[in-house]
Amino acid sequence: MALDTSNKREFKVVGTRVQRPDGIDKVTGKAMYGADVTAPGMLIGRILRSPHAHARIVSLDTSAAEALKGVKAVVTTADLSTPEDDYFADIRDNCLAREKVLYDGHAVAAVAATNKHVAKEALKLIKVEYEILSHVTDVDEAMKADAPIVQEGRADESVHEGWSQNVTSHFEFGHGDLEAGFAKADKIVERTFKTAATHQGYIEPHACLASLGTDGRGELWCCTQGQFLVRTKCAEILGIEASQLRVTASEIGGGFGGKTTVFIEPVALALSRKAGRPVKLVMSREEVFRASGPTVSSSIDVKIGMTKDGRITAGQAKLRYQGGAFPNGTVEFGSQAAFAAYDLEAVQTLGWNVMTNRPKEISYRAPGAPMAIYAVESVVDELCQELSLDPLETRLKNAARKGTLSSYGPTFNDIGLVATLEAAKTHPHYSAPLGKNQGRGLSCGFWFNFGGNTCVSLNLNSDGTVGVVEGNPDIGGSRASISMMAAEELGIPYEKVRTVITDTNSLGYNDVTDGSRVTFAVGLATIEAARAAIKIMCSRVAKIWGIDEEAVVWEDGCAKPSGPNAGEFPPMTIAEIAAIADNTGGPIAGHHEVNADGAGVSFGVHIVDTEVDPETGATKILRYTVFQDAGKAVHPDYVEGQMQGGAVQGIGWALNEEYIYGEDGRLQNPGFLDYRIPVASDLPPIDTVILEIPNPGHPYGVRGVGETSIVPPLAAISNAVSRATGVRMTELPMSPPKLLKAMSER
Amino acid sequence: MKNFHVSTTINGDDAEFICTPDETLLDVLRNRLGLTGAKEGCGTGDCGACSVTLNGRLVCSCLVLGAEAEGAEIETIEGMADGDDLHPLQRVFIDKAALQCGVCTPGILVAARSLLEKNPEPTDEEIRYWLAGNLCRCTGYDKIIKAVQIAAAEMRSV
Ligand code: FES
Ligand code: FES
């Protein structure tokens, strides 16, 4: 049997625009999301949340709530287990506060009752006595030596002596001689930027249905990006064994990184264990904003030197990220990503992770990268303005390419940045005329991408059709892509494959749907599983024909003799092989387990035209084009969808979206009315250009495409606004009042 | 709290339910009638995921009380297809990948159908303004607007 293991570039199924398998369910209202299921005897859960930004819980009395008719269980942190690992203990303490409440909205206790009215009444009967403590919500304030301390003793060994206790870790990346680099520059620009925290803003709030017996055996249905991770965390927090908790992922109504942890699931399980009945727990939108993970807010200094002809001589960035009330690691990604697009002789990034009295940060699409690259790309643009250089040519001149020593350590392999920039340069958008009050901006974007732990089973059915079993929730059409890759490899029509996403008891561990990993890693494992099945099929056929296994090849869904020397046999189709499998050795399946690396980094370039209203300071997006390297676009519609969706989230970040805290440390805008995400009428069409520079780490050259697209809009829009108004904004979002003020001070 | 007994018509069929005075139509549909196609994205009228029509008028069902449905004609996403025959909007949404996670899709389809009933030949801008009350966080709206245009053209040609 011979298989082509080199990078394949001719495709029959991959690259077409097939219909997704879950389409009909989703357009008819049949698809089951987190809040759409019920169970016999189900109770309704509700959570009591802190009205304070920072307070000690002096006493907590739940007896009156417990006594209310219809209340079947009340839980506090005392009903949870004690994980040894800080990582799990933090998640537990975020789910239900222990000793202190650390932010406005922090969960304190929960009830399960026969209906939501009773549950609501019961919450009012829980008596909490708080001792209010001083709080801090701004990252720069939190780093001051005399800042209120969010949690004590949480700094790791990277933190220098004398720093605020709110600093929990510190990172440093780079290479070369900075001083010498800056000395070579004709122009140096140094700026400080601030970006607001934003929320992932998925339209489906967190929801789950939990059932846990006192024997530790449980079932959990929830909307999540990773059922296996939910199982691990819940098992740790509840003190039960992983094998006893089966987690099934519902259809998921958006996640963008925000559903890669647990908030309500352990609470629902604890309530169910206590009540002896299933408990449904669904967050309100207000709870989603106040208590599920937003992204970090940041404060960043960038200094870049450039020669007159546009060569960057040195770059430095200092990044300070607050990630809420617990230690987080996001600044590491930001520090690594900041200068990734550039080939630099001298570069340094320094990063500080900081705690504040805000909700615990969780990943949001390319976590840590958008704000870092916003700051760098703004300064690069300002240098181009100062030196009268074309911003695209300047980026091409400095672009990272194959062989570049990246600013964060690795040397780049095949990457698509130069191709992407070239495509942008020749695109009509870049040379289209602009009107009054209009400006054009551009920015590069980058994300590392991830592979990770992946298991796939591929089962041949007796009629020759195929079932693929995988473990990663499908957020944006991945089941279609996985079926396409299985069909491609097997040489059968797409319609003959059905991919399902299974529960935690039916497959080995899969990492969460994050890091743009699914099409890459699950795709890779699916292709390998198909190859394993093909190998079995070829050996079965070899037996039937009485020839050597090596003399059978697989082509177009059939086993064939490899050449005239192998003998004369008519091809056997997959259906024929399947039909007689019982007689040739039993069921046929292929599977593959891998901790995949070689994900292949992803670059993109965005061009945007904006018009700023001089009367109001409102910015309108007139035209938008996204250029991105997909390696190989398996389903181009959904690749475009990722590029467009990320771009629009970035537009929201640049112009509107922000967590606003009052003096009292309370979130002032926990709803879609005041936390304004882009709506259809805010936007023009989002045009897309897919580049395909094959990723050598994947059999079909695939790279993840999900995250890079949120990175460039922040700087691209700021750069466009600067060119439209002559004002360089250094704070996001550029809301109309802020921009108007800056314009009037010009 | 005294409950209401409500008689109404949902997707052309008679329906009856009991609800509390403060219960929303969305809660009734989802929790009492098992019609979970309409989603609760916010509960405050800001996301449109709960869109249905009430006597032909597009409403956020989270802002309507169950009791207000007395004697009304309600259309939900569950009634949009005719048996196994999808509405052109539904078909084109699948064909043109106008959904990613799909949680906004029922609301957007109901809203788009209501637009095309009033205005069979909308401009892109009219579609964008009509759908401005329906949040979609995944798609950036581009493919949604295109799909509505294609479906509208198809519906005009029959
Ligand atoms: S749930 Fe009704 S508008 Fe959001
Ligand atoms: S497709 Fe996910 S919110 Fe619209």
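Letters A, B, ... are given to chains in the order of the sequence lines, protein chains preceding strands, and every chain is numbered from 1. Being a predicted model, the structure only gives us computed values, none of them experimental.
Checking A/S292 against A/H199 by side-chain atom types alone, a donor-acceptor pair falls below 3.5 Å. Side-chain N/O atoms of B/E16 and B/H5 include a donor and acceptor closer than 3.5 Å. Side-chain contact of B/E78 with B/N11: a donor-acceptor pair under 3.5 Å is absent, judged by distance alone.
With a 4.5 Å cut-off on non-hydrogen atoms, B/L86 touches chain A through its side chain but not through its backbone. For B/T44, no part lies near chain A; criterion is any non-hydrogen pair under 4.5 Å. Residue A/A35 touches chain B through both its backbone and its side chain, counting heavy-atom pairs closer than 4.5 Å. Looking at A/V648, the atoms closer than 4.5 Å to chain B (heavy atoms on both sides) all sit in the side chain, from C-beta outward. With a 4.5 Å cut-off on non-hydrogen atoms, B/A49 touches chain A through its side chain but not through its backbone. Interface remark: B/E125 contributes no atoms to any contact with chain A (heavy atom separation under 4.5 Å).
A cation-pi arrangement is found for A/K259 relative to A/Y202, the charged atom lying closer than 6.0 Å to the ring centre and inside a 45° cone about the ring normal.
In terms of heavy-atom pairs under 4.5 angstrom with chain B, the leader among A/G646, A/P473, A/S284, A/P684 is A/P684. When the candidates B/R30, B/R137, B/K96 are compared by the number of heavy-atom contacts under 4.5 Å with chain A, B/R137 comes out ahead. Across B/L135, B/T139, B/I108, B/T105, the residue that shares the most heavy-atom pairs under 4.5 angstrom with chain A is B/L135. The choice from A/V18, A/D474, A/I24 that makes the most heavy-atom pairs within less than 4.5 Å of chain B is A/I24. Among A/D687, A/D22, A/V288, A/L673, the residue making the largest number of heavy-atom pairs under 4.5 Å with chain B is A/L673.
Note on ring orientation: taking the six-membered ring where Trp is involved, the planes of A/Y364 and A/W653 are parallel (angle under 30°, cut-offs 30° and 60°).
The two residues A/F672 and B/G41 make their nearest non-hydrogen contact at CE1-O, 4.0 Å.
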